> 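This structure is in structure tokens; I'll ask about it shortly.
Computed from a predicted model, the values in this text were never measured in an experiment.
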Amino acid sequence: MKPHRTHNQDLSDVLTADRTHHLHPWHDLSAWREADPHCFTSGEGIYVYDQDGQKLIDGPAGMWAVQIGYGRREMADAIASQVMELPYASPWTSTTAPAAQLSERIAELAPGDLNTVMFTTGGSTAVDTALRTMQFLNNRLGRPGKKIIIAREKGYHGSTYLAASVTGKERDKSCFDFEDRLVRFLPDINPYIRPDVMTEAEWCDAKVADLENMIAEIGPDRIGAFIAEPILCSGGVIIPPKGYHQRTLEVCRAHDILYISDEVVTGFGRLGHWFASQEVFGIEPDIITCAKGITSGYLPLGACIISDRVMDRMTGADHDVLFPNGYTYSAHPVCCAAALKNIEIIEREGLLGHVQTVAPHFQARLKALEASPVIGDARGMGLLGCLEGLLDAGRDTPLEVQRTLGARLDAACEARGLIVRPLINMCVFSPPLTISPDEIDAMFDIIEDALTEVEPDFA
Ligand code: PMP
């Protein structure tokens with residue numbers, strides 16, 4: 001029998017246990033057992049505290065998630081009270097008040113006729129559900145050949161098989177065998193890589209033409225869905241050229257291709273609105289996926305929000321139309337209760353308006369970092385930001401010597417009390433929505449100072 005460990009372990013036991021047994025997402029297997037992991041022990045507002053008692057600004061809000069900040073007693077109370085009342089009910093055979101009420105709230109907050117909600121366990125399963133909805137719809141409509149999904153380079157949609165299959169991050173994809181029979185990728189839309197001779201409008205024309213050409217090449221009757229994040233977040237906060245989403249939606253509508261907007265990061269206030277699709281980018285997608293900010297990360301939950309147009313066609317006039325999709329923890333009552341409380345807090349504290357008010361200051365401080373000789377592009381929107389290093393002469397790949405810029409900047413920021421998220425030659429930021437102007441200044445003062453430390457090695 002294996003030796004038993006008590007739960008009353010001291011810190012070094014915790015770190016040893018982690019190094020020995022805990023395989024983290026996207027773990028570097030070669031370095032895994034050598035260094036102690038960062039262990040966070042508590043949080044308050046926009047700050048987290050680590051094993052050494054260091055107080056750090058949580059620049060990425062966990063993983064683009066903790067909209068309302070840490071230490072919310074009323075979230076704890078809402079969760080505890082639902083646990084005591086009813087911790088679980090099968091979503092197959094029953095409903096609960098939190099699940100029903102949350103579906104109604106989300107339908108109110110979502111754009112246009114997006115009125116039907118299937119709850120999932122997180123973002124990946126929401127994306128899986130959206131894509132399977134498309135498959136189900138086209139099978140129901142008697143067009144089983146209309147199933148190809150058009151996705152985009154640098155898009156991130158999750159880690160389940162189908163969600164990972166539509167993810168366009170080369171490094172991650174090269175390790176596995178994904179569903180490439182049904183998926184095609186459009187080239188990078190990042191305005192930063194646009195050739196100098198092109199205007200933003202021409203860049204947009206070119207990117208819309210990429211979609212049109214791909215549809216013409218494959219044939220519209222073979223394409224079921226186009227999936228796009230309003231802003232490609234894990235790809236490096238890539239903001240599409242003006243008009244891109246409206247025009248790609250028009251193209252999809254013309255060919256009866258479902259437009260799936262993946263708002264796992266942009267939903268629930270990140271850009272100062274409940275959802276970015278309509279209020280920021282002027283589109284009413286057929287399906288929206290969301291997760292993360294729906295509970296501010298206090299508990300895991302995702303949702304796939306489906307339009308009446310799609311639901312009506314899925315249902316038709318027939319009886320016995322079984323949609324065989326869902327999870328044991330779909331509509332988990334405790335997670336739904338947390339989401340309802342989270343929405344209540346965002347509303348009561350006016351956090352959407354707060355984001356709209358502080359975002360210009362956040363973006364101005366971010367843009368000013370382009371003065372650094374190692375930064376090629378500082379971009380963002382709302383409370384989302386990214387610093388990217390310099391590109392090579394062809395403007396399509398990072399400068400080779402800058403491939404560790406993200407990690408070095410991350411270490412330099414952390415030593416000064418700020419967590420950022422490194423992505424090769426980039427760092428991304430998405431702090432809790434409650435961040436004040438003074439805290440924004442504190443955050444960017446640290447980044448400025450950290451840049452002066454790393455610049456000599458990367459300039
Ligand atoms: N879609 C997007 C846009 C995401 O950023 C993520 C996670 N970062 C996912 C889907 C997957 O969500 P999850 O990790 O909750 O499964």
> Would you please classify the geometry between the His24 ring and the His27 ring as parallel, tilted or perpendicular, with 30° and 60° separating the classes?
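Parallel, since the angle between the ring planes stays under 30°.
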> May I ask you to check whether over 12 heavy atoms, not counting those of Tyr329, lie within 6.0 Å of atom OH?
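No, OH of Tyr329 has 12 or fewer neighbouring heavy atoms, counting only those of other groups under 6.0 Å.
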> Give the minimum heavy-atom separation between Pro241 and Trp203, together with the two atoms involved.
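Of all heavy-atom pairs spanning Pro241 and Trp203, the closest is CG-CD1, 3.8 Å.
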> Parallel, tilted or perpendicular: which one describes the rings of His332 and Tyr88, with boundaries at 30° and 60°?
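Because their plane-to-plane angle lies in the 30° to 60° range, the rings of His332 and Tyr88 count as tilted.
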> Check for a donor-acceptor pair, side chain of Gln82 on one end and backbone N or O of Ile79 on the other, with a separation under 3.5 Å.
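Checking the backbone N and O of Ile79 against the side chain of Gln82, no donor-acceptor pair under 3.5 Å is found.
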> Between Arg313 and Asp286, is there a salt bridge with N-O shorter than 4.0 Å?
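Looking at Asp286 and Arg313, the cut-off is not met.
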> Charged N to carboxylate O below 4.0 Å: is that the case for Arg348 and Glu74?
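A salt bridge is present here (some side-chain N lies under 4.0 Å from a carboxylate O).
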> Evaluate Phe136 against Phe323 for ring pair (Phe, Tyr, Trp, His ring centres under 6.0 Å), listing each step before the verdict.
CA-CA 8 Å; Phe136 182 88; Phe323 182 44; 4.8 Å; yes
> Go through the steps for Phe281 and Tyr244 under the test ring pair (Phe, Tyr, Trp, His ring centres under 6.0 Å), then give the verdict.
CA-CA 9 Å; Phe281 295 104; Tyr244 172 85; 9.4 Å; no
> Using the salt bridge (charged side-chain N to carboxylate O under 4.0 Å, His left out) criterion, which residues pair with Arg194? Sequence neighbours excluded.
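Checked Arg194 against salt bridge (charged side-chain N to carboxylate O under 4.0 Å, His left out); zero matches.
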> Does Arg379 reach the main-chain N or O of Gly236 with its side chain, forming a donor-acceptor pair under 3.5 Å?
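Judged by distance alone, yes, a pair lies under 3.5 Å.
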> State whether Glu250 and Arg253 are salt-bridged, where the test is any N-O pair (Lys NZ or Arg NE/NH1/NH2 against Asp/Glu carboxylate O) under 4.0 Å.
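Looking at Arg253 together with Glu250, the answer is no, because their closest N to O distance does not fall below 4.0 Å.
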> When you measure from the side chain of Glu200 to the backbone of Pro191, do you find a donor-acceptor pair of N or O atoms at a distance under 3.5 Å?
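Looks like no, no N/O pair under 3.5 Å.
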> Can you list the steps and then say if Asp58 with Ile419 is a side chain to side chain contact (heavy atoms under 4.5 Å, CB included)?
CA-CA 5 Å; Asp58 187 2; Ile419 303 166; 4.3 Å; yes
> Centre-to-centre under 6.0 Å for His273 and Phe275, is that the case here?
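Not close enough - the centres of the two rings lie 6.0 Å or further apart.
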> Rounded to the nearest 0.5 Å, what separation is found between the CD1 atom of Ile239 and the CE atom of Met381?
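If I round to the nearest 0.5 Å, the distance is 5.0 Å.
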> With rounding to the nearest 0.5 angstrom, report the CG to CD1 distance, Leu109 to Ile294.
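Leu109 atom CG to Ile294 atom CD1 measures 9.5 Å (nearest 0.5 Å).
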> Do Arg416 and Asp445 meet the salt-bridge criterion of a basic N to acidic O distance under 4.0 Å?
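So Asp445 does not pair with Arg416 through a salt bridge.
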> Measure from NZ or CZ of Lys55 to the centre of the six-membered ring of Tyr47 and say whether it is under 6.0 Å with the direction within 45° of the ring axis.
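Positive - Lys55 is close enough to the ring of Tyr47 and near enough to its axis.
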> Please determine whether the number of non-hydrogen atoms from other residues, nucleotides or ligands lying under 6.0 Å from atom NZ of Lys242 exceeds 12.
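No - once you tally the heavy atoms of other residues, nucleotides and ligands closer than 6.0 Å, there are 12 at most.
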> Relative to each other, are the rings of Trp26 and Tyr156 parallel, tilted or perpendicular (30° and 60° limits)?
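Geometry flag for Tyr156 against Trp26: perpendicular rings.
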> Quick one: pull up OG in Ser296 and CD1 in Ile346 and give me the separation to the nearest 0.5 Å.
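Answer for the OG-CD1 pair, Ser296 versus Ile346, is 5.0 Å.
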> Rounded to the nearest 0.5 Å, how far apart are CD1 of Ile106 and CZ of Phe119?
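One gets 4.5 Å once the value is rounded to the nearest 0.5 Å.
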> Please determine whether the number of non-hydrogen atoms from other residues, nucleotides or ligands lying under 6.0 Å from atom CZ of Arg73 exceeds 12.
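No - once you tally the heavy atoms of other residues, nucleotides and ligands closer than 6.0 Å, there are 12 at most.
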> I need the Leu23 CG to Asp18 CG distance, nearest 0.5 Å.
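It is 10.0 Å, given to the nearest 0.5 Å.
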